[in-house]
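See structure below.
All values below come from the heavy atoms of this structure, side chains included, with hydrogens, waters and symmetry mates left out. Below, read A as the first sequence line, B as the second, and so on, with proteins coming before strands; counting in each chain starts at 1.
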There are 2 protein chains.
Amino acid sequence: MTNEGVHADEHPVPGTRRPGGRTARTRAAVRDAVLSGLSDHGYPGLTIEYVAEHSGVHKTTLYRRWGGLEGLVADALDLAGEDTWTPPDTGSLEGDLRALAHEVVDAFADESKAAAPTAFIAASFQSQRAADALRAFYSERFSRCEAVIARAVERGEADRDTDAAALVRAVSAPLMLRLFVTREPIDAALADQSAAVVLAATRAGAFSSR
Amino acid sequence: MTNEGVHADEHPVPGTRRPGGRTARTRAAVRDAVLSGLSDHGYPGLTIEYVAEHSGVHKTTLYRRWGGLEGLVADALDLAGEDTWTPPDTGSLEGDLRALAHEVVDAFADESKAAAPTAFIAASFQSQRAADALRAFYSERFSRCEAVIARAVERGEADRDTDAAALVRAVSAPLMLRLFVTREPIDAALADQSAAVVLAATRAGAFSSR
DNA sequence: ATCGTAATGCGACAAGCGTTGCGTTTGCTG
DNA sequence: CAGCAAACGCAACGCTTGTCGCATTACGAT
């Protein structure tokens, strides 16, 4: 599915043949600069020259290796996915779902913390490459969350044929909708409501894949 | 470079003192050009010069009256909200919710139809003005949807203290999440699932306030 | 240690974007 | 039907963005 449309990936991806010393340093410096730039000015305010100055890497190199802002953000997004986050384990499905929802609220309550994730989504609207990276990120993230459902099934709190992927997405969906689409504020009460809705639907078998 | 800070709305909004003839014509022509531009190239590909050429309005005028792409898109978004859309009325809550969800899927199934709404959301990440217009649009849109809940309450399908605003948002939230955040495909089956989940939660009283 | 070459630095350049000053047209008012 | 000001068109300018050719650095292998 390399449907890249226009100019495919026309970049030989420099930095792969020689992954050592300097190349790795530049890459790390650039990633840091991109993340700090996103936090400071958001995606619309992020410019190549800002990254160049704050990383000490020349403008030309940025264009050559990453092909522009799209690639820079996509690369930073790949890095963001390489963390050790695991879903909460409170001992009950209700507790886990509530904790998950609250994590979303907390993550976007502080504006400085919300800047980078928001910027990634903004970038996904402008760049196919960033969109692919974002899909991969969330796919991986939600996969981890499915452990919550597996435990619930073990405890008999959910049917064995529960659609775990849909369930975990349903928890954060109302929050994400307000954050990125309708632009409404979110709070802890909304997180509780979202978790309660999903829990009730689960108990009613609405997530059972039949 | 001028003040890059929050220059609020620094535009005296020309075209308000003289709403007649030419001014109105240019405004309409510009709006059409913006919408066709969004459909053809999406928000990232939309350029001022494109709007100038396809509307017959000079570049300078566009900058003066709308202040740039942000304002142009925000203005077009205001227009988009002035339609006569009403939510479905199938005679049952389940039917209405399913119809609502399917409308979302249908609206974004065709790429040409999806371009403009997607572009509006993309614009909201880059422009406070577009974000405000988007919030107003969805606020109005969801308000109309609450009629569905009112009818359901009349029929005894939902509690009288049901949180209608949260309920109608919950229907489309999983679809919007996949469209704009996780970038996963959506289909009719997903719409049915979303409606079923919300219906089950409603029957369980999960949307009852307090 | 030495060499080949990948990777980066450097300066200059073309193209596009947004702004500005000024002249012209057009809509409102009396 | 005049007269004024608002809105617009026009051309030119400065700034930013992205690219190119060439020189330099330093990784990796012999």
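- Within residues 29-51 of chain A, the residues having any heavy atom under 4.0 Å from DNA chain D are, by residue number, A:Thr47, A:Ile48, A:Glu49.
- In this entry the distance linking CG of B:Leu69 with P of C:dG18 reads 7 Å, nearest Å.
- Residues B:Gly68 and B:Ile48 approach most closely at C-CD1, 4.0 Å, considering heavy atoms.
- Here the C1' atom of nucleotide D:dT17 and the CD atom of A:Glu53 are 14 Å apart, to the nearest Å.
- The side chain to side chain contact (heavy atoms under 4.5 Å, CB included) search around B:Val105 returns B:Leu175, B:Ile186, B:Ala191, not counting sequence neighbours.
- For B:Phe180 and B:Phe108, the ring centers sit closer than 6.0 Å to each other.
- When every heavy atom of B:Lys113 is checked against every heavy atom of B:Ala107, the shortest pair comes out as CB-O, 3.5 Å.
- The interatomic distance linking B:Leu62 (CG) with D:dC8 (P) rounds to 9 Å, in whole Å.
- Looking at B:Thr90 and B:Asp96, their side chains do bring a donor and an acceptor atom within 3.5 Å of each other.
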Can you pull every protein N or O that's under 3.5 Å from an N or O on nucleotides 11-13 of chain C?
residue: C:dG11; atom: O6; partner: A:Thr60; partner atom: OG1; Å: 3.4

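- Between B:His41 and B:Tyr50, the angle of the ring planes goes over 60°, which puts this pair in the perpendicular group of the 30/60° scheme.
- Here D:dC20 presents its C1' atom at 13 Å from OH of A:Tyr63, a figure rounded to the nearest Å.
- One finds a side-chain N or O of B:Thr26 lying less than 4.0 angstrom from the OP1 or OP2 phosphate oxygen of D:dC8.
- Neither side chain, B:Trp85 nor B:Glu140, offers a donor N or O lying under 3.5 Å from an acceptor on the other.
- Side chains of B:Thr47 and B:Glu49: no donor on one and acceptor on the other come within 3.5 Å.
- Atom-to-atom, CZ of B:Arg64 to P of C:dC22 comes out at 13 Å; the value is rounded to the nearest Å.
- For B:Thr23, counting side-chain heavy atoms from C-beta on, the closest listed nucleotide (D:dC8, C:dT19, C:dT8) is D:dC8.
- Salt-bridge check for B:Asp83 with B:Arg144: passed, with a basic side-chain N closer than 4.0 Å to an acidic carboxylate O.
- Following rounding to the nearest Å, A:Arg65 (CZ) and D:dG18 (C1') show an atom-to-atom distance of 19 Å.
- Taking atom CZ on B:Arg25 and atom P on D:dA7, their separation rounds to 15 Å, with Å as the unit.
- Following rounding to the nearest Å, B:Arg27 (CZ) and C:dG27 (C1') show an atom-to-atom distance of 17 Å.
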